Undergrad: 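First, the structure itself, so that you have it in front of you.
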Amino acid sequence: MQLFKHLWQGFAGGPDFSRQQQLSFQLDEFQLDFTLPYSNIASEEPPRKLNIPFRTKGWFEQYARQNMHNFQVHIHTEGWCYLSPILRGENSELGVLWLQLALNKAPETINTQNRQQLADYVIAAYDAHYNSDTIGPEGNCHGFGWNTRQQQRLKQEAEEAALRGATGRLDRLKDDCRLQIERFGYESLAPAKVISINGFDWVFYQEQRGQHATYSDVYCLPLDKNYYLSVKFTHRVDISSEKAWQKHAKKAQQDILNTLIASVNAKNLQLAQPT
């Protein structure tokens with residue numbers, strides 16, 4: 001019977017809302033209680049800190065870790081794998097929907113309760129990280145100065161070619177750098193937006209590298225003037241021609257987001273209003 005269901009819907013796996021777990025996190029006075037479908041991906045996630053006193057002096061700096069362009073405190077990660085209806089070896093995995101909750105801190109110059117300031121900041125921070133003049137060590141997994149490294153490498157190769165009499169690469173260096181960033185680097189993102197969900201304002205932006213099918217939807221909720229909660233849904237697409245699971249993943253994302261919104265009680269709403 002399960003096989004017929006998988007054949008009918010075009011995939012197996014994904015979030016199963018008939019099997020859910022209850023999660024609870026205390027971020028100072030902010031209580032988050034919500035349910036999530038159990039992950040169908042085996043993981044060895046370390047024990048989570050259910051009590052998160054993020055306003056305690058030095059607490060954020062002690063527990064925050066670099067995660068690509070974000071310096072944040074990880075709260076929770078959940079993942080749901082989508083498979084082909086009939087297992088077909090290495091090509092069985094269609095993609096994965098990932099959910100990541102994290103605590104972020106903005107510079108003192110940014111008032112995160114001003115949604116437009118927060119929207120401008122998250123995009124500027126992304127650009128500043130990958131275009132930094134200071135470059136991270138070779139092979140670092142966080143991409144610090146990645147675009148700058150690519151541009152410097154292309155310039156060096158073009159200058160070396162010019163010394164041998166081949167000046168063509170110098171002539172088209174600007175275009176080559178642009179194409180390199182489009183294909184293998186981190187282009188600037190579309191501007192973040194302030195959106196209203198169930199009468200409450202969030203900052204939303206999307207991370208996507210060039211024309212890659214994989215993308216992330218990021219929702220940011222201010223907790224006070226300095227800190228904000230980020231809710232990130234990553235749609236890792238392994239076989240882009242398969243569409244049924246992607247439609248299901250988008251619907252699952254919205255259902256999960258709705259449970260998170262419902263978990264913010266009236267007090268939290270009032271505290272996190274724009275100023």
Side-chain angles (χ1 to χ4, degrees), residues 61 64-72 74 90-91 93-96 98 100 102 104-110 112 116-194 203-220 228 230 232-243 246:
E61 288 71 21
R65 298 291 182 269
Q66 193 71 41
N67 181 14
M68 295 304 289
H69 56 281
N70 290 303
F71 185 65
Q72 58 190 190
H74 169 254
E90 295 181 357
N91 293 323
E93 189 171 293
L94 306 179
V96 182
W98 289 103
Q100 181 192 67
N104 299 70
K105 184 179 182 181
E108 293 293 332
T109 55
I110 304 297
T112 64
Q116 191 55 55
Q117 281 192 30
L118 178 57
D120 294 340
Y121 164 71
V122 293
I123 300 302
Y126 182 96
D127 287 341
H129 182 85
Y130 297 112
N131 295 301
S132 171
D133 290 335
T134 302
I135 301 174
E138 187 74 43
N140 81 95
C141 60
H142 302 301
F144 194 61
W146 176 267
N147 291 347
T148 307
R149 183 194 297 277
Q150 303 305 306
Q151 292 165 343
Q152 290 180 354
R153 179 179 60 79
L154 289 176
K155 182 180 179 181
Q156 180 180 349
E157 292 174 353
E159 289 175 342
E160 291 174 352
L163 290 175
R164 298 190 297 269
T167 60
R169 293 184 64 174
L170 271 180
D171 295 337
R172 63 175 187 271
L173 179 60
K174 185 175 180 180
D175 286 339
D176 286 349
C177 286
R178 176 181 55 81
L179 291 173
Q180 179 75 5
I181 300 306
E182 286 179 0
R183 294 171 181 170
F184 306 108
Y186 297 83
E187 294 182 275
S188 293
L189 304 176
K193 301 177 181 179
V194 180
V203 169
F204 169 80
Y205 68 100
Q206 189 173 82
E207 297 176 6
Q208 187 168 21
R209 297 178 61 183
Q211 299 303 312
H212 294 202
T214 293
Y215 66 93
S216 297
D217 288 335
V218 186
Y219 300 83
C220 302
Y228 62 97
S230 63
K232 182 175 183 177
F233 294 92
T234 297
H235 296 248
R236 197 193 78 198
V237 180
D238 294 322
I239 303 180
S240 58
S241 60
E242 299 286 350
K243 301 297 183 182
Q246 296 180 50

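Excluded from the calculations below are hydrogen atoms, water molecules and symmetry mates; all remaining heavy atoms, backbone and side chain alike, are included. If you're wondering where the values come from, they're calculated on a predicted model, not measured in any experiment.
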Undergrad: Which atom names give the shortest non-hydrogen contact between Ser230 and Val218, and what distance separates them?
TA: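 Looks like CB-CG1, 4.5 Å.
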
Undergrad: Over 60° means perpendicular and under 30° means parallel, so classify the ring planes of Tyr130 and Tyr186, tilted if in between.
TA: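 Ring orientation, 0 to 90° scale: parallel.
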
Undergrad: Roughly how far apart are Arg65 CZ and Phe71 CZ, rounded to 0.5 Å?
TA: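 The distance works out to 7.5 Å.
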
Undergrad: About how many Å separate CH2 of Trp146 and CE of Met68, when rounded to the nearest 0.5 Å?
TA: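 It comes to 9.0 Å.
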
Undergrad: Tell me the closest heavy-atom pair linking Ala190 and Ile123, and the distance in Å.
TA: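 Looking at all heavy atoms of both residues, the closest pair is O-CD1, 3.5 Å.
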
Undergrad: How close do Gln206 and Asp217 get, heavy atom to heavy atom, and via which atoms?
TA: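 Minimum heavy-atom contact is NE2-OD1, 2.8 Å.
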
Undergrad: Classify the ring geometry of Tyr215 against His235: parallel below 30°, tilted from 30° to 60°, perpendicular beyond 60°.
TA: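 Correct class here is parallel.
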
Undergrad: Is a donor on one side and an acceptor on the other found under 3.5 Å between the side chain of Thr234 and the backbone of Arg236?
TA: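 Pair absent, no side-chain N/O of Thr234 close to backbone of Arg236.
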
Undergrad: Rounded to the nearest 0.5 Å, what separation is found between the CG atom of Asn131 and the CZ atom of Phe144?
TA: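 It comes to 11.0 Å.
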
Undergrad: Minimum heavy-atom separation for Ala119 and Ala192, please, with both atom names.
TA: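 Answer, listing the atom of Ala119 first, then Ala192: O-CB, 3.5 Å.
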
Undergrad: Testing Val122, Val203, Ile110 one by one against Tyr228 for a side chain to side chain contact (heavy atoms under 4.5 Å, CB included), which residue passes?
TA: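 The passing option is Val122.
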
Undergrad: Say whether, by atom type as modelled, one donor and one acceptor occur between the side chain of Lys174 and the main chain of Asp171 under 3.5 angstrom.
TA: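 Answer holds: no.
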
Undergrad: Under the side-chain contact (heavy atoms from CB on, under 4.5 Å) criterion, do Leu94 and Asp238 qualify, and how do the steps go?
TA: CA-CA 5 Å; Leu94 306 179; Asp238 294 322; 6.0 Å; no

Undergrad: Rounded to the nearest 0.5 Å, what's the gap from CG on Asn67 to CD on Gln100? Could you check?
TA: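 Reported to 0.5 Å precision, the distance equals 5.0 Å.
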
Undergrad: Spell out, as yes or no, whether a donor-acceptor pair under 3.5 Å connects the side chain of His142 to the backbone of His129.
TA: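 No, because the side chain of His142 does not come within donor-acceptor range (under 3.5 Å) of the backbone of His129.
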
Undergrad: Main chain of Lys232, side chain of Trp98: is a donor-acceptor contact present, judged purely on distance under 3.5 Å?
TA: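 No; judged by distance alone, with no hydrogens or angles, the pair does not exist.
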
Undergrad: For Thr148 and Ser132, indicate whether the former's side chain and the latter's backbone hold a donor-acceptor pair under 3.5 Å.
TA: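 Yes, Thr148 side chain to Ser132 backbone: donor-acceptor pair under 3.5 Å.
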
Undergrad: Can you give me the closest heavy-atom contact between Leu189 and Gln208, atom names plus distance?
TA: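 Where Leu189 meets Gln208 most closely, the heavy atoms are CD2-N, 4.0 Å.
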
Undergrad: Between Glu160 and Ala162, is there a donor-acceptor pair closer than 3.5 Å when you use the side chain of the first and the backbone of the second?
TA: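 No, the answer is negative, given that no donor and acceptor are paired below the 3.5 Å cut-off.
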
Undergrad: Testing the 3.5 Å rule here: is there a donor-acceptor pair between the side chains of Gln116 and Asp120?
TA: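 Side chains of Gln116 and Asp120: pair found under 3.5 Å.
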
Undergrad: Is the backbone of Glu159 close enough, under 3.5 Å, to the side chain of Arg169 for a donor and an acceptor to pair up by distance?
TA: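 Answer holds: no.
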
Undergrad: Arg209 and Gly185: which non-hydrogen atoms are nearest, and at how many Å?
TA: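 It is NE-O, 3.1 Å.
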
Undergrad: How many angstroms lie between CD in Glu182 and CD in Gln180, if you round to the nearest 0.5 Å?
TA: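 The CD atom of Gln180 is 10.5 Å from CD of Glu182, to the nearest 0.5 Å.
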
Undergrad: Look up atom CG in Asp175 and atom CG in Leu154, then write down how far apart they are to the nearest 0.5 Å.
TA: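 The CG atom of Asp175 sits 12.0 Å away from the CG atom of Leu154.
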
Undergrad: Does atom CZ of Arg183 have more than 12 heavy-atom neighbours from other groups under 6.0 Å away?
TA: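 No, because the 6.0 Å sphere around CZ of Arg183 holds 12 heavy atoms or fewer from other groups.
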
Undergrad: Do any N or O atoms from the side chain of Arg149 and from the backbone of Gly143 form a donor-acceptor pair under 3.5 angstrom?
TA: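 A pair under 3.5 Å: no.
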
